[in-house]
> 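This is the structure I want to talk about, given as C-alpha cells.
Chain naming here is simple, since letters A, B, ... match the order of the sequence lines and numbering starts at 1 in each. Basis for what follows: all heavy atoms, side chains included, without hydrogens, waters or symmetry-related copies.
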Amino acid sequence: MGIVPEYKPQAIEKKWQERWRAARAFEVTEDPARQKFYCLEMFAYPSGHAHVGHVRNYMIGDVVARLKRMRGFNVLHPFGWDAFGLPAENAAIKNGTHPETWTLENIAHMKGQLQRLGLSYAWEREIATCLPDYYKWNQWIFLKMLERDLAYRKRASVNWCPSCNTVLANEQVVDGACWRCGTPVVTRELEQWFFRITYYADELLSGMEQLGEWPDKVLTMQQNWVGRSEGARVRFTLETATTESSQRNAGADPDSDAIDAFTTRIDTIYGANFIVLAPEHPLVQRLAAESADPAGFRAKAQKLAAQDRTARMSGEVEKEGFDTGRRAINPFTKQPVPIWVANFVLGEYGTGAVMGVPGHDQRDFEFAKKYALPITVVVQPEGEKLSVETMTEAKPGAGRLVASGEFNGLAWEEANRKMTAAAEERGIGERTVQYRLKDWGVSRQRYWGTPIPVIHCPKDGMVPVPYDDLPVVLPKTAEFTGRGDSPLAHIAEFVNTTCPECGGPARRETDTMDTFVDSSWYFFRFCDPQNDALPFDPEKVGYWGPVDFYSGGVEHAILHLIYSRFFCRVFRDLGLTTLSEPFARLLTQGMVLKNGQVMSKSKGNVVDPDDMIRKYGVDALRLYVLFVAPPEKEIEWTDTGLEGSFRFLSRVWRLVDSLCETIGGEGIPSPDEVKLSDAERSLRRKTHDTIRRVTVDLDPRVHLNTAISAMMELVNELYAFCSRTECARSVTEAPEHIGAVDPPGTIAVLKEAVEALVRMLSPFAPHVTEELWERLGHKDGVTAAGWPAYDERVAKAEEIVVPVQVNGKLRARLTVAADTDEDRLRELALTDAQVRSYIEGREVKKVVVARGRLVSIVVG
RNA sequence: GCGAAAGUGGCGGAACUGGCAGACGCGCCGGACUUAGGAUCCGGUAGCCGAAAGGCUGUUGGGGGUUCGACUCCCCCCUUUCGCACCA
C-alpha cells in the first residue's frame with residue numbers, strides 16, 4: 001500500500017504558536033475605520049493548574065474571537081488573573097509561602113498551559129489584580145465612591161472563631177464551626193465598609209431590558225436577587241402612647257411609640273390581629289426595659305435571635321415567639337392588637353416588623369394556630385365562602401373585601417390602592433418600595449487584597465488617603481499564622497502613619513477589599529491596561545465597550561455580574577463611560593464532568609490538558625470539547641470521544657495533504673468557469689450548503705457542536721467523492737497517482753471544497769489548518785484568508801425528495817425539481833402509482849401541500 | 001414548599017418558524033487491505049420481511065387534547081437538574 005501521511009500535531013502546534021507570537025498576531029489597537037468586537041471570557045483565579053473544566057470556557061471564546069477576526073472585525077480578546085483572594089493566604093499559613101510568590105508562580109504555570117492551547121489572546125494586555133498598578137485603581141474608585149456617598153461605614157456582623165481569635169469568611173465556616181479548629185463560630189459586630197449598590201436597585205432592574213442576549217435564567221436570578229416589591233409602610237402605635245411620642249419617627253428611634261410595618265397587602269389590614277417584631281428590632285430592648293421582668297424578656301429575645309442565625313442555614317425552622325404583653329393600635333380598625341416577638345420575622349428586611357394577618361398569609365396563619373391567636377377573614381375569593389372554623393391554611397389570593405368597614409365589597413387590588421391613599425391622607429402610612437438587595441459589604445479582615453485607602457486620625461476622624469498618595473501598597477512583610485485579626489493590623493510600619501489633614505499621628509485602615517471589587521471592572525482595564533493617570537481612557541472604552549461576547553460559569557450569575565453592572569453605572573456617573581451595561585451578550589458555559597462529577601482536585605478526577613496535548617494535540621482536544629455538546633450544556637469527559645476528534649483531524653490531514661499538490665498550484669479554474677458533471681455539481685452544492693450551515697450555526701448562534709458535525713459531513717462527502725475519481729488514489733494510495741487524469745471540473749470543485757473546509761475549521765483547530773493552508777500554497781495565514789462565502793443558489797438542491805403522507809402515514813417519496821410549485825406537487829402526488837394504491841376507491845377529503853416539504857392527503 | 005429548565009437509540013447529542021425523528025460522533029457488527037491490525041478505507045447498526053430495490057410495524061418520560069400532520073403547541077402526572085428557600 002501507499003504511504004499514508006500521518007497527522008503529527010505536536011511539531012505543527014509548536015511551530016504556529018511561535019509564529020503567532022513573533023508576529024504579535026493577536027495584539028490590537030483602536031481603529032475607528034473598522035468595526036470592533038470585544039470577546040471576553042471570565043478571567044481566571046490562579047489556583048495552580050488549569051484542568052479541562054477550566055479551559056473549556058476559553059476554547060469557546062477563542063472560536064468566537066477567531067471567527068470574528070476572519071469576518072473582518074477588529075477583535076479585542078484579552079486575558080488576566082483574578083489574583084487576590086483567600087487560597088493564597090491559606091497556602092501561606094500552611095507552607096509559609098508568601099501569597100505573592102504563590103500567586104505569581106501559579107500565574108506563570110497557568111499562562112504556559114493556556115499558551116499551549118493556542119488561545120488567541122492579546123497577552124500584552126495581561127492583567128493581574130494583585131499588582132499595585134491594578135489595585136491602585138480599586139483604591140481610586142473607592143475614594144470616588146466615598147466622595148459620592150456610595151461608600152460608607154457601619155457596624156455589621158462577621159463570623160468569628162473564638163479559639164483562633166480571627167474573622168472567618170463564609171466559606172471557612174463549616175456546619176457552624178471553624179474550618180481549622182472546629183470551634184463553634186460566633187458572630188461579632190465590627191465597623192465595616194459598604195458600597196451603596198441599593199442606590200442603583202431600580203436601574204439594575206430596568207437595565208435588564210437592554211440585556212436581550214443574556215440567558216433568561218440569569219436575568220430571573222438577578223431579578224429575584226434585587227427583589228423589588230411594592231407595598232406600604234403602615235404605622236401602628238403603642239397603646240400607651242402619648243400624642244407627642246407617637247409623632248416621632250418610627251424605625252431606628254427606640255423612643256418612638258410607633259411601629260412601622262411593611263406590607264404588600266394593606267388591603268388585608270382589617271385582618272391584622274397582631275404585630276410581630278424581629279428579635280433584633282430596636283423596640284424590643286425598650287419593651288424589655290419597660291416590662292416586669294426585663295432580664296427574662298431579653299433572654300427570650302436573645303434565644304430567638306441566636307437560634308435564628310444557625311438554624312436558618314439548614315432549612316425549615318419551627319415558628320416560635322412570645323407575647324410582649326404590650327399592644328398596638330391597628331390604625332384602620334382602631335382596635336388594640338398584641339405585640340409579639342418571633343423568629344420568622346427578619347430584622348434586616350423591610351422595617352423588621354410585620355402585621356400579622358393569619359387569614360391571608362400562611363406564615364401568620366401557622367403562627368396564629370400555634371399560639372391560638374384570632375383569625376379573621378377579610379378577603380372573600382370569588383365563588384367561595386371562607387370561614388375561619390373550616391380553614392386549614394391561609395388564603396393569600398384574590399377576592400373582595402369583607403369585614404373591612406368602608407372598604408367592603410372592593411376588589412382587593414382596588415382596595416389596595418384606595419387604602420394606601422387613605423393611609424397617606426390620614427398620615428398613618430405611605431406607599432413604599434422594598435428591595436431584598438442589600439448594600440455590598442466590601443471589608444475583609446485579610447491580608448491578600450486591596451488595602452482600603454483610609455486613615456483614622458484621633459483628631460480628624462476618618463480621612464481618605466489623598467489621590468496623590470495612591471497606591472497604598474500592600475507591605476510584603478506580614479506574618480501568616482491564621483490567628484488574630486487582619487495581618488495588616490500587626491505591621492507597625494503599615495499601620496502607623498500621619499494624618500493627611502493635621503499631620504499628627506494616625507492609623508491606617510487595616511481591612512482589605514472583597515476580591516469582587518477587582519473583578520467588577522477589569523474588563524474596562526483591558527481596554528487600556530497601562531494607563532497610569534486614570535483607570536482607563538474614556539475614549540478607549542468608548543471604542544471597545546461594551547463587551548460584545550462574555551462567557552463564563554453560571555456560578556457568577558448573581559454576584560460578579562450584578563457588581564459589574566453596578567460599577568459600570570458608577571463609572572458612567574463619574575463621566576468615564578457612556579455605557580450603562582458592560583456586557584451585551586452573555587453565554588453561561590456548562591461544566592465538564594468526569595465520572596458524573598464536576599472536575600476538581602479534591603475529587604481526584606481532573607484531566608490535565610497537557611496530558612491530552614501530548615497524546616492527541618491541542619486541536620483535537622479543542623475540537624472534542626466543543627463538539628461533544630452545545631456550549632451551555634455540561635459535558636461528560638470520555639477519552640474515546642477525544643480519539644474520535646483526533647481521527648477526524650487525521651482524516652482532514654490525509655485528505656488535504658494528499659490533494660494539495662493537485663489543487664494547490666496556480667491557474668486552477670474557478671468552478672464557475674468549467675462545465676461540471678453531476679457528481680461535481682453535487683459536491684459543489686454540498687460545499688456551499690456546508691458553508692451556509694456552519695456560518696449560521698456560529699453567528700449569531702454559537703452552536704459549535706452542530707457546526708462541527710456539518711464539517712464532518714463535508715469531509716465524509718469529500719472522501720466519497722474522491723473514491724469515485726482519480727483523485728481518490730491520492731487519498732488512499734500511492735502519491736505517484738496524484739492528479740493522474742482528473743478533469744478540470746473535479747480539480748476546481750475539490751479546491752473550492754477543501755479550501756472552504758480548512759478556513760471554516762480554523763477557529764476550532766487553528767494549528768493544523770494553518771499548516772494545511774500553507775501546504776495549499778498560501779503565503780498569508782488562514783485568518784487573513786477570511787471567512788468563506790456561499791452562494792445561496794448553489795447551496796440549494798436542484799432536486800428534492802418530497803414525502804407523501806396518506807392519513808398521516810408516509811406512503812411515497814417524490815423526486816422533483818426544487819422549484820416545483822404546489823399545484824404540480826399535488827398533481828404528482830395524486831397520480832403517483834404508490835399513492836394511488838392507498839387512495840383508490842376512497843374519497844379524497846383534503847390535500848395539504850407544504851411546498852418543498854411534504855404532501856399530506858386525507859382520505860375517507 | 002416555591003420558581004425555572006430539561007427528559008429523544010447502548011452512549012453524547014441533531015431536528016430552522018408544527019412537516020421524512022435519530023444528522024454528526026462514540027461504541028458495536030461485518031467486509032477490504034494486510035505477516036499482523038488496537039492503523040486505514042468501505043458498509044451496517046429500532047423491530048420484522050426481502051438477495052436487493054423496497055415494504056410493513058413501532059417510536060421522542062407517562063396520560064389526554066389541538067391539528068391533515070406534534071420531539072416541537074395546550075392540560076394533567078412522573079423523574080432529573082439548577083436556582084430561591086419564612087423577603088411580609
> When we call it a touch if two heavy atoms are under 4.0 Å apart, what does Glu636(A) touch: a base, just sugar-phosphate, or nothing?
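Contact class for Glu636(A): none.
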> Look at all strands and tell whether Thr638(A) reaches a base, only sugar-phosphate, or nothing, counting heavy atoms closer than 4.0 Å.
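The residue Thr638(A) makes no contact with any strand.
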> Taking G22(B) as the reference, what is the distance to G55(B) when you measure between their P atoms (whole Å, please)?
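Between the two P atoms, the distance is 15 Å.
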> Are any of Asn705(A)'s side-chain N or O atoms less than 4.0 Å away from OP1 or OP2 of G12(B)?
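Result: no.
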> Would you mind classifying the nucleic acid contact of Lys438(A) as base, sugar-phosphate or nothing, using non-hydrogen atoms under 4.0 angstrom?
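Contact class for Lys438(A): none.
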> Quick one: does Arg813(A) reach the base of C20(B) with a side-chain donor-acceptor pair under 3.5 Å?
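Under the 3.5 Å cut-off, the side chain and the base do form a donor-acceptor pair.
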> What is the nucleic acid contact for Arg692(A), judged by heavy atoms within less than 4.0 Å: base, sugar-phosphate only, or nothing?
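Result for Arg692(A) = nothing.
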> So, are Glu348(A) and Arg436(A) salt-bridged, with charged N and O less than 4.0 Å apart?
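A salt bridge is absent here (no side-chain N lies under 4.0 Å from a carboxylate O).
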> I'd like to know if Lys370(A) and Glu320(A) make a salt bridge, using a cut-off of under 4.0 Å between side-chain N and carboxylate O.
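Not counted as a salt bridge, because no side-chain N and carboxylate O are separated by less than 4.0 Å.
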> Tell me whether the side-chain N or O atoms of Thr640(A) pair up with the base of C26(B) as donor and acceptor below 3.5 Å, since no angle test is needed here.
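Under the 3.5 Å cut-off, the side chain and the base do not form any donor-acceptor pair.
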> Return the nucleotide paired to A5(B): Watson-Crick means purine N1 to pyrimidine N3 with N6-O4 or O6-N4, wobble means G-U with N1-O2 and O6-N3, both under 3.5 Å.
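Its partner is U80(B).
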> Taking atom C1' in both A4(B) and G9(B), what distance in whole Å separates the two?
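Looking at atom C1' only, A4(B) and G9(B) are 29 Å apart.
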> Using a cut-off of strictly less than 4.0 Å, decide whether Lys319(A) has a side-chain nitrogen or oxygen near OP1 or OP2 of C86(B).
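False: Lys319(A) side-chain N/O out of range (4.0 Å or more) of C86(B) OP1/OP2.
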> When you check the phosphate oxygens OP1 and OP2 of G69(B), does a side-chain N or O of Arg853(A) lie under 4.0 Å from one of them?
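No, outside the criterion.
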> Before giving the answer on side-chain contact (heavy atoms from CB on, under 4.5 Å), spell out for Leu401(A) and Met419(A) the whole-Å C-alpha distance, their side-chain angles and the decisive distance to 0.1 Å.
CA-CA 12 Å; Leu401(A) 268 65; Met419(A) 291 166 83; 3.8 Å; yes
> A23(B), OP1 or OP2 - any side-chain N/O from Arg693(A) closer than 4.0 Å?
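Arg693(A) to A23(B) OP1/OP2: no side-chain N or O under 4.0 Å.
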> Rounded to the nearest 0.5 Å, what's the gap from NZ on Lys686(A) to CG on Asn716(A)? Could you check?
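Spacing of NZ (Lys686(A)) from CG (Asn716(A)) equals 8.5 Å.
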> Identify the nucleotide, in any strand shown, that forms a Watson-Crick or G-U wobble pair with C16(B), with both distances under 3.5 Å; if there is none, say none.
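Paired with no nucleotide.
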> So if I take residues 213-225 of chain A and measure heavy-atom distances to RNA chain B, which residues fall below 4.0 Å?
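Heavy-atom contacts with RNA chain B come from Lys217(A), Met221(A).
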> Give Lys845(A) one of three labels, base, sugar-phosphate or nothing, depending on what nucleic acid heavy atoms sit under 4.0 Å from its own.
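Nothing: the residue Lys845(A), judged by heavy atoms under 4.0 Å, touches no strand.
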> Is it true that Lys369(A) and Glu366(A) have a side-chain N and a carboxylate O under 4.0 angstrom from each other?
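No.
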> I'd like to know if Asp689(A) pairs up with Arg692(A) as an ion pair, taking the criterion as any Lys NZ or Arg NE/NH1/NH2 lying under 4.0 Å from an Asp or Glu carboxylate oxygen.
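The answer is yes: the pair qualifies as a salt bridge.
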> Could you work out which one of A39(B), C24(B), C86(B) sits closest to the side chain of Asn343(A)?
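For the Asn343(A) side chain, the nearest candidate turns out to be C86(B).
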> Less than 4.0 Å between a side-chain N and a carboxylate O, is that true for Glu843(A) and Lys845(A)?
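So Lys845(A) does not pair with Glu843(A) through a salt bridge.
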> Heavy atoms under 4.0 Å, any strand shown: does Asn807(A) hit a base, just sugar-phosphate, or nothing?
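Result for Asn807(A) = nothing.
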> Could you check which nucleotide pairs with A39(B) in any of the strands shown, counting Watson-Crick or G-U wobble with both distances under 3.5 Å?
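Its partner is none (no Watson-Crick or G-U wobble pair with both distances under 3.5 Å).
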> Let's test this: given Watson-Crick or G-U wobble pairing with both distances under 3.5 Å, identify the partner of A46(B).
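Check on A46(B): paired to U57(B), both distances under 3.5 Å.
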> Once you apply the 3.5 Å cut-off to both distances, tell me the Watson-Crick or G-U wobble partner of U34(B), or none.
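Check on U34(B): unpaired, no WC or wobble geometry under 3.5 Å.
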> Listed by chain and number, what are the side chain to side chain donor-acceptor pair (under 3.5 Å) partners of Arg565(A), not counting sequence neighbours?
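For Arg565(A), the residues satisfying side chain to side chain donor-acceptor pair (under 3.5 Å) (neighbours in sequence not counted) are Gln222(A), Glu581(A).
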> Do the side-chain N or O atoms of Arg826(A) get closer than 4.0 angstrom to the phosphate oxygens (OP1, OP2) of C68(B)?
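So the side-chain polar atoms of Arg826(A) never come under 4.0 Å of the phosphate oxygens OP1 or OP2 of C68(B).
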> Just N and O in the side chain of Tyr349(A): are any of them under 4.0 Å from OP1 or OP2 of A88(B)?
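Yes, because at least one side-chain N or O of Tyr349(A) sits under 4.0 Å from OP1 or OP2 of A88(B).
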> Between C20(B), U57(B), C68(B), which nucleotide gets closest to the side-chain atoms of Val848(A)?
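So the nucleotide nearest the side chain must be C68(B).
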> Do Phe764(A) and Phe627(A) make the cut of ring centroids closer than 6.0 angstrom?
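No - the distance between ring centres of Phe764(A) and Phe627(A) does not fall below the 6.0 Å cut-off.
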> Reckon Gly644(A) touches a base, only the sugar-phosphate, or nothing at all at heavy-atom distances under 4.0 Å?
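Since only primed, P, OP1 and OP2 atoms lie under 4.0 Å of Gly644(A), the category is sugar-phosphate.
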> Measuring only the P atom in each nucleotide, how far is U17(B) from C71(B)? A whole number of Å is fine.
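Those two atoms are separated by 16 Å.
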> C24(B) C1' sits how many Å from His703(A) NE2, rounded?
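Atom-to-atom, His703(A) to C24(B), this comes out as 15 Å.
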> Classify the nucleic acid contact of Val276(A) as base, sugar-phosphate or nothing, counting any heavy atom under 4.0 Å across all strands shown.
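Here Val276(A) touches no strand at all.
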> Please classify the nucleic acid contact of Val628(A) as base, sugar-phosphate, or nothing, using heavy-atom distances under 4.0 Å.
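Counting heavy atoms under 4.0 Å across all strands, the contact made by Val628(A) is with sugar-phosphate only.
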